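Nothing here was measured: the structure is a model prediction, and the numbers come from that model.
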Amino acid sequence: MILVADSGSSKTDWILKLSDTELREFTTRGINPYFQTDKDICKVLSAYNEIQEYNSRIKEVYFFGEGCTTPDKREIVSNGLSKVFSRAYISVENDALGSAYATCGKKKGFTCILGTASNVAFYDGEQVHEGVNGLGFVLGDEGSGTYFGKKLITDYLYDKMPPHVRRAFKKDYDINKDIVIRNVYQEPLPNFYLASFAKFLSSNRGEEYVEDMLQVGLECFVRTHLLPYPTHQSYPCHFVGSIAYHFQDVLHKVCQKYNIKIGKILSNPIHDLADFLTQS
């Protein structure tokens, strides 16, 4: 049996290949070695019956995750997975490579992640070449769920929202400064907490405040992460993640402005990723 995972801080999507024709799909909590230890990862996975049912029969695990950028971070995830899948061969790679497999296949192109976090890398058909991106939600993540969450929270707390938008936000999220400070600076997974506010944008499309924020945020992503590549107009730019998928109308306008050719836009890359790995 082969198990494939695509993971962010918010959630992890899994596909288990039981046979040539039978698959099982399930979702667990997100896994990120910057915020979790190997013991935390083991605890997360042990809570799901889908995993416990098959763990002893799984022979190969291919995990692609946010934060798996360096050998020590990949080792944390690998150690956590090994505690659960003790009989399996385990491969842990960065989510950028998983996105490249899902979108580019074996062709050259840019793969962009716009979900809870944001990132971009160039794929040469075999390997991913990451740039200076991926600075995380404190220093980077332009255009991501955490980026928009931070904008919404600070505008609300600084009373910069239009009055009717502020009322709508208050109705959906009964927060104050103390609640935000505690969740951002004292609780685990602050990036996940921040990104949770981005869904307010989806439910308030058409508001000038929302449309302006989306335009500015996605343009910030393109200008910061794509335009520095001299070849950004030479290859298709593929996008993966909830922000890219749900706001693809704005993304298309921004990319058109900079003559960027959009390829695939996937909400979840897990199916395309699993197909690539099992058919290669």
Side-chain angles (χ1 to χ4, degrees), residues 4-14 27-48 51 61-85 90-102 111-121 128-151 153 180-198 217 221 224-225 240-244 268-270 273:
V4 181
D6 173 68
S7 183
S9 296
S10 303
K11 65 183 178 69
T12 304
D13 293 318
W14 304 79
T27 300
T28 68
R29 284 177 51 195
I31 292 173
N32 189 324
Y34 277 91
F35 304 110
Q36 294 157 301
T37 65
D38 56 343
K39 292 181 180 179
D40 293 331
I41 294 168
C42 178
K43 185 176 180 181
V44 166
L45 298 182
S46 298
Y48 292 89
I51 292 177
V61 178
Y62 297 93
F63 184 95
F64 299 84
E66 181 183 342
C68 299
T69 52
T70 59
D72 60 319
K73 297 303 180 186
R74 290 193 289 271
E75 184 178 9
I76 290 173
V77 176
S78 180
N79 289 342
L81 294 174
S82 296
K83 296 180 192 306
V84 179
F85 308 105
I90 293 173
S91 172
V92 178
E93 297 288 351
N94 189 16
D95 56 348
L97 182 59
S99 296
Y101 285 162
T111 182
C112 307
I113 296 172
L114 274 174
T116 299
S118 69
N119 203 352
V120 62
V128 161
H129 301 272
E130 297 187 66
V132 296
N133 324 94
L135 297 181
F137 75 99
V138 175
L139 299 177
D141 277 353
E142 292 81 1
S144 69
T146 56
Y147 169 93
F148 288 118
K150 284 190 291 184
K151 293 290 186 183
I153 289 174
V180 170
I181 293 297
R182 183 177 70 250
N183 279 279
V184 172
Y185 293 101
Q186 298 175 4
E187 298 295 333
L189 300 178
N191 55 335
F192 177 47
Y193 172 75
L194 291 170
S196 68
F197 293 91
F221 171 82
T224 302
H225 298 295
V240 165
S242 57
I243 296 297
N268 300 309
I270 186 64
L273 175 58

### Task
Apply side-chain contact (heavy atoms from CB on, under 4.5 Å) to the pair Phe64 and Tyr101, showing each step before the final yes or no.
CA-CA 10 Å; Phe64 299 84; Tyr101 285 162; 4.0 Å; yes

### Summary
Taking every heavy atom of Ala121 against every heavy atom of Ala96, the minimum-distance pair comes out as CB-CB, 4.3 Å

### Task
Go through Asp40 and Thr37 one step at a time and tell me if the side-chain hydrogen bond (donor to acceptor under 3.5 Å, both in side chains) criterion holds.
CA-CA 5 Å; Asp40 293 331; Thr37 65; 3.2 Å; yes

### Message
Could you measure the distance from the CD1 atom of Ile51 to the OG1 atom of Thr28? Nearest 0.5 Å is fine.
### Response
5.5 Å

### Message
Would you compute the distance between atom CZ of Phe148 and atom CG of Leu114 and round it to the nearest 0.5 angstrom?
### Response
8.0 Å

### Message
Could you walk me through whether Phe221 and Ile243 satisfy the side-chain contact (heavy atoms from CB on, under 4.5 Å) test, starting with their C-alpha distance in whole Å, then the side-chain angles of each, then the deciding distance to 0.1 Å, before giving a yes or no?
### Response
CA-CA 12 Å; Phe221 171 82; Ile243 296 297; over 6 Å; no

### Query
If you take all heavy atoms of Leu273 and Gly98, which pair is closest and at what distance?
CD1-O, 3.6 Å

#### Entry: Nearest non-hydrogen partners of Ile270 and Trp14, listed with the distance
CG1-C, 4.3 Å

### Query
For Lys11, does the NZ atom sit with more than 12 other heavy atoms under 6.0 Å from it, leaving out its own atoms?
yes

### Message
Can you list everything that forms a salt bridge (Lys or Arg N to Asp or Glu O under 4.0 Å) with Lys73? Sequence neighbours excluded, please.
### Response
none

### Query
Who pairs with Asp38 by salt bridge (Lys or Arg N to Asp or Glu O under 4.0 Å), at least two apart in sequence or on another chain?
Lys83

### Query
Less than 4.5 Å apart, any side-chain heavy atom of Phe35 and any of Asn191?
yes

### Query
Which heavy-atom pair separates Phe63 from Cys68 by the least distance, and what is that distance?
CE2-SG, 4.1 Å

### Query
Does Tyr193 offer a backbone N or O that forms a donor-acceptor pair with the side chain of Ser196 under 3.5 Å?
yes

### Query
Considering only heavy atoms from C-beta outward, does the side chain of Asn268 approach that of Asp6 to under 4.5 Å?
no

### Query
Distance from Ser82 atom OG to Ile90 atom CD1, nearest 0.5 Å?
3.5 Å

### Query
Does CZ belonging to Arg74 count more than 12 external heavy atoms closer than 6.0 Å?
yes

### Task
Tell me, with the steps shown, if Leu45 and Thr12 meet side-chain contact (heavy atoms from CB on, under 4.5 Å).
CA-CA 10 Å; Leu45 298 182; Thr12 304; over 6 Å; no

### side-chain contact (heavy atoms from CB on, under 4.5 Å) between Arg29 and Tyr48, intermediate numbers included
CA-CA 10 Å; Arg29 284 177 51 195; Tyr48 292 89; 3.5 Å; yes

### Message
Which heavy atom of Val128 sits nearest to which heavy atom of Ala100, and what is that distance?
### Response
CG2-CB, 3.8 Å

### Message
To the closest 0.5 Å, what do you measure between CG (Asn32) and OG (Ser7)?
### Response
7.5 Å

### Query
Would you find a donor on one side and an acceptor on the other, under 3.5 Å apart, between the side chain of Thr146 and the backbone of Ala195?
no

### Query
When rounded to the nearest 0.5 angstrom, what is the spacing between CZ in Phe192 and CD in Glu187?
13.0 Å

### Message
I need the Leu97 CG to Thr69 OG1 distance, nearest 0.5 Å.
### Response
13.0 Å

### Task
Classify the side-chain pair Ser118/Ser144 by whether it contains a donor and acceptor separated by less than 3.5 Å.
no

### Closest approach of Val77 to Ile41 (non-hydrogen atoms, all atoms of both residues)
CA-CD1, 3.8 Å

